[in-house]
Every structure is written in structure tokens, then in C-alpha cells.
Amino acid sequence: AVFPVDAERWDVRDYVTLPDPTTQSGNTCWAHASAHAVMANWAYLSSLADGSYDEYAPDSVLSAEHMVAHRAYNNAVENGGSVDYAIAYYASGQGPRVVNAQDDTVDAKYFVGSVNKLPYSNAASALSVSIALVKAALKSYGAVSVVLNTAELQSPYYDAVNHSAYMSVDKAASLSLAPNHAGVIVGYDDDFNDFGNLAEKPSSPGAWIVEDSYGTSRHVSGYYYLSYNSGTLAEPVAYINRIERAVADTIMTKDRLGACGQASLGNDTVTLFSYYGNPNGVDVKAMGVYTTQLNTKIEAAVVKGGSPATTAWLSLSEKDTVLALPGYHVVSMPSVSVQAGDSIGLMVQYETVNKSNLVLALEATNSSGTAVVSNAGDQYMYYNKSWYTGKTAFPTANFIMKLYCKNDENEADGAGLTAWSVADGIMVRTDEKAAVSVYDANGRLVAVADVDGEALVKVPARGVYVVASCGGAVKVIK
């Protein structure tokens with residue numbers, strides 16, 4: 001899947017099969033656009049077949065409804081043109097979830113590894129650069145979600161014969177239009193110029209191929225053409241890492257889910273600290289952070305202790321890691337094992353040279369729109385030579401800082417291991433081929449499997465079981 005840079009037309013659907021466009025309810029287009037952009041990314045990257053990505057199955061439809069149900073801490077106000085709802089959902093670790101696999105008592109099977117906001121301007125002086133960036137993202141990752149205003153999809157700005165849309169920048173400005181709708185760019189056509197029935201036509205050809213969220217009966221099976229010169233198109237987002245499960249079993253977090261917000265601190269360097277309890281013991285593999293500026297420099301440490309004043313450094317990230325694009329990023333850390341019962345935290349210094357540092361937070365609100373207080377005593381901020389508690393600095397917000405961890409593994413050589421099954425069974429790993437037997441609490445044999453590597457051993461129901469092996473060591477992955 002290597003494509004020429006100067007291709008005049010490109011469409012991800014020419015290379016992978018995507019699920020049909022789905023139908024939104026209310027102002028939930030943001031969820032449908034995000035879910036379908038992630039699916040297109042997953043399908044496209046797995047088609048490269050280099051072994052780096054899990055294979056995508058066309059029936060693995062991600063649930064926009066689960067995303068909606070867990071958005072913004074049941075925030076009553078919902079804006080269809082806000083991608084920050086989706087970003088907060090992914091950062092919380094509650095999803096994405098596959099349709100018909102939405103049991104919240106079981107950890108999410110997948111994590112989104114990275115969400116990147118592409119710099120974009122529809123001003124004439126910058127448009128060519130913006131178009132080139134989006135094209136590059138499409139050919140690299142498969143799809144890009146965007147926001148726009150629904151007025152551009154209605155008469156006299158929408159051509160129902162050619163299924164094309166265009167509103168000029170000047171017209172959008174005169175109407176003071178803000179984004180209130182979302183879609184997915186799946187391709188482009190540099191030569192498209194079928195805007196024949198519009199009163200005002202773009203000054204040059206070229207259009208994005210956009211998936212809408214009104215099912216397959218609207219547009220051309222759910223897709224339409226949007227002029228490169230669109231006056232309302234904004235905030236393209238590339239989900240540039242696949243749905244990542246290998247990194248971690250869980251995300252350590254106490255953060256309430258909310259919509260994304262930001263606050264200026266008036267200087268270009270700030271250090272944030274987030275504390276996590278650790279009753280079970282984990283191997284820390286990566287961290288998740290949010291940046292709001294281009295080329296943010298970070299340095300991070302996993303520390304032992306519950307506050308910045310009582311810490312011992314356990315693991316340090318690569319010095320001066322630069323995150324080129326704004327958005328949510330999962331960054332690998334040197335692996336560190338933390339014993340059960342030890343308290344750990346994540347300390348991250350952010351630097352945005354010559355720019356006021358904007359700290360992104362999960363702003364929690366309840367169903368009536370009333371702010372919910374931040375977590376007390378577990379988040380701290382250092383700037384202007386002083387430490388402040390997160391609760392003091394931002395009473396209604398929590399910083400987006402995550403630790404991605406693999407749970408401790410039990411290991412024995414032929415001996416019995418106690419294991420608690422998840423919904424589907426017990427995940428085991430062997431260093432060589434071995435016969436794995438599973439017994440219930442009464443000592444009855446309930447499952448036998450030949451395992452060479454990692455496998456899920458099916459059991460009759462959730463509960464406590466004993467796992468044993470013959471032929472080699474076996475690990476039970478909690």
C-alpha cells in the first residue's frame with residue numbers, strides 16, 4: 001500500500017472494506033465520525049501486512065453508542081462538532097468497544113494509541129499547506145475525522161444532484177458559523193468540479209470524499225464531496241496509531257470522564273503530577289498525555305510515592321521527547337515493575353517554547369451541567385517555582401495523565417495456579433508447547449488445551465479456577 005505523492009485521486013475504500021455509514025441520533029455525529037475514522041485507520045494499517053498491526057475484521061464495528069453513553073460524565077449539553085468528547089473517551093480507557101461487546105464489567109479490549117490534531121487553516125494563504133497535510137495523513141493512516149457546519153450541507157450550498165457541497169470562507173464568516181457537525185474524510189479527488197447547481201462555486205476544482213452519519217440513503221451511499229475551499233471545514237484529526245492492546249492490560253486512573261478543556265498558565269513550562277494507588281502490582285509500560293501546542297517537549301518519570309515531596313524515581317522517559325502535534329499521545333516508557341501495595345505516580349514536565357502552556361483537563365459535569373469537584377489530594381502542578389494541588393488550581397477538572405500497565409503474572413512449573421476468569425476465559429502463556437488443564441473450585445476438570453505461546457482457554461463461566469500444565473511453565477495473565 002505505497003501510493004504516489006502526486007496521485008490525483010485517492011480513496012481508502014479502493015484498498016480496504018469499511019462498514020457502511022451509520023445513522024446518528026441527536027447531536028452524536030462526533031461519536032459516529034470518530035468511531036468510523038478509527039475503524040478506517042485500523043483496517044488500512046492492518047492491510048499493510050507488516051506484522052505491526054492486528055488484522056481488522058470487517059464485522060468489527062466500533063460502537064458509537066457506547067461512546068455517547070460515556071461522554072462528558074453525562075453532560076446534558078452536546079455539540080456535534082466537538083472532537084474533544086471523543087478524545088476524552090479514548091483517554092479515559094473505557095473504549096473503543098465493538099458492537100455487541102459493551103460489558104462495562106470487563107476491561108475494554110482495545111485502546112487508541114494516539115489522537116493527533118492536524119494544523120489546518122482555510123485561509124487562502126495557508127490552504128495549500130493544509131490540503132497537503134490532510135492528504136499525507138490519509139495516505140499514511142487511511143482516514144481523518146473533521147468538523148464543519150451543517151449549513152454547508154443544505155441548499156443553496158449543497159448540490160443534491162452531484163452530491164457536492166461548498167460555502168465560501170467569506171460567507172461562513174459573515175454568518176458567524178461555528179462547527180456543529182462531524183464527518184470522516186476517506187479520500188480526495190483533485191479534478192472534481194461538479195458544483196453545477198450551486199449559486200456560488202469554488203474558484204478551483206478539488207474535493208474531499210466525506211462519510212456522513214445519516215446512513216446509506218443520503219448522498220451517494222452515505223458519502224459526498226466537499227470542496228477543498230470549504231469555508232466551515234476545521235480541525236482534522238488523525239488517529240495515527242492502531243487500536244493498541246499489546247501495550248497494556250489496563251490504564252491506571254482515578255479521573256472522572258469529562259469533556260476536554262484547557263487553561264492558560266501564562267508561562268511556557270509546567271510540571272504535572274498524578275498519584276495512583278497500586279494494590280495489585282503492575283509493570284508500567286507507557287504513559288498517556290495530552291498536548292495543546294505544536295512541538296511540545298516533555299520529560300516524564302514514574303515515581304514511587306503519593307506526592308511530589310515524597311517520591312523516588314523509578315523510570316525516566318527519553319529526555320526531551322518532542323510531541324509534534326497537539327492531541328492525546330501514548331508514549332512508551334522504560335518498563336518498570338512496581339510491587340503490590342506500593343504507591344506510584346506519574347510526573348511530566350511540559351515545555352512549549354515561547355508559548356503560554358495550556359494544560360488540558362477532563363472537566364467533569366453531572367447530568368444537570370453542574371461541575372463536579374476534582375479528585376482531592378492526588379494531582380499537583382508546579383509552575384512559577386511553587387507546587388499547587390490540582391484541586392486548588394482547577395477545582396472542577398482533572399489532568400489527562402495516564403499510566404498504561406501490564407498486570408502481574410503468576411508463574412509456576414507444572415504446579416497449580418489460582419486464576420479468576422474474565423468473560424471469555426483465562427488467558428495463559430507458555431514458553432514452549434504444553435498441555436494446560438483448568439479445574440473448577442471443586443477440583444473437576446473443565447478445560448484442556450495445547451498451548452504454544454499465548455492463548456485464551458475457554459471456561460464454562462466466570463469464577464475461580466486452578467490452572468496447571470504438563471510439559472513446561474505456564475503463566476496466567478490476570
Side-chain angles (χ1 to χ4, degrees), residues 28-42 45 53-54 56 60-73 75 78-79 81-99 101-102 104 106-118 137 141-147 182 184 235-262 274 285-292 323 325-332 360-364 398-405:
T28 63
C29 46
W30 63 270
H32 290 261
S34 177
H36 281 250
V38 171
M39 283 188 287
N41 164 254
W42 185 9
L45 290 179
Y53 295 87
D54 291 335
Y56 172 78
S60 295
V61 178
L62 300 181
S63 173
E65 288 73 20
H66 187 272
M67 198 180 304
V68 170
H70 293 77
R71 83 202 186 290
Y73 203 66
N75 192 340
E78 188 166 44
N79 176 9
S82 174
V83 299
D84 287 330
Y85 289 127
I87 294 171
Y89 170 80
Y90 294 135
S92 74
Q94 295 188 90
R97 303 270 181 162
V98 175
V99 173
Q102 301 178 49
D104 286 322
V106 179
D107 286 342
K109 185 178 180 182
Y110 302 112
F111 301 136
V112 169
S114 192
V115 182
N116 286 259
K117 293 184 176 181
L118 304 178
Y141 311 115
V144 172
S145 72
V146 289
V147 296
V184 184
E235 208 160 30
V237 174
Y239 301 85
I240 68 168
N241 276 2
R242 73 174 168 109
I243 297 175
E244 178 61 79
R245 184 61 187 175
V247 167
D249 295 312
T250 189
I251 302 177
M252 296 190 71
T253 178
K254 296 180 180 178
D255 301 341
R256 293 181 175 92
L257 179 65
C260 295
Q262 58 190 25
S274 189
K285 298 291 187 180
M287 64 177 174
V289 295
Y290 201 106
T291 59
T292 62
L323 303 176
L325 295 175
Y328 181 69
H329 310 276
V330 176
V331 181
S332 295
L360 204 97
L362 295 176
E363 296 182 341
N398 293 301
F399 309 139
I400 296 182
M401 297 173 63
K402 311 293 179 182
L403 282 181
Y404 288 72
C405 309

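Since this is a predicted model, take the numbers as computed values, not measurements.
The minimum heavy-atom distance linking V184 with A143 is given by the pair CG1-CB, 3.8 Å. When all heavy atoms are compared, the tightest approach of A86 to M67 is CB-SD, 4.0 Å. Residue C29 comes nearest to A182 through the heavy atom pair SG-N, 3.6 Å, listed as atom of the first residue, atom of the second, then distance. Closest non-hydrogen pair, A137 versus V144, comes out as CB-CG2, 3.8 Å. What you find for I400 and Y328 is that their closest heavy atoms are CG2-CE1, 3.7 Å.
In this structure, the separation between OG on S63 and NE2 on H32 is 8.5 Å, given to the nearest 0.5 Å. One distance of note links CZ of R97 with OH of Y89; it measures 6.5 Å at 0.5 Å rounding. Distance check: E235 CD to K117 NZ gives 4.0 Å after rounding to the nearest 0.5 Å. Atoms CH2 and CD1, from W30 and I87 in turn, are 10.5 Å apart once rounded to the nearest 0.5 Å.
Considering only heavy atoms from C-beta on, L323 comes within 4.5 Å of V331 through its side chain. Proximity of S34 to V83: side-chain heavy atoms (C-beta onward) are nowhere separated by under 4.5 Å. Side-chain atoms of T292 and P326, non-hydrogen and from C-beta on, never get closer than 4.5 Å to each other.
At distances below 3.5 Å, at least one donor-acceptor pair connects side-chain atoms of H329 with backbone N or O atoms of L325. With N41 contributing its side chain and Y141 its backbone, the two residues share a donor-acceptor pair below 3.5 Å. When atom types are taken as modelled, the side chain of T28 and the backbone of A31 share no donor-acceptor pair closer than 3.5 angstrom.
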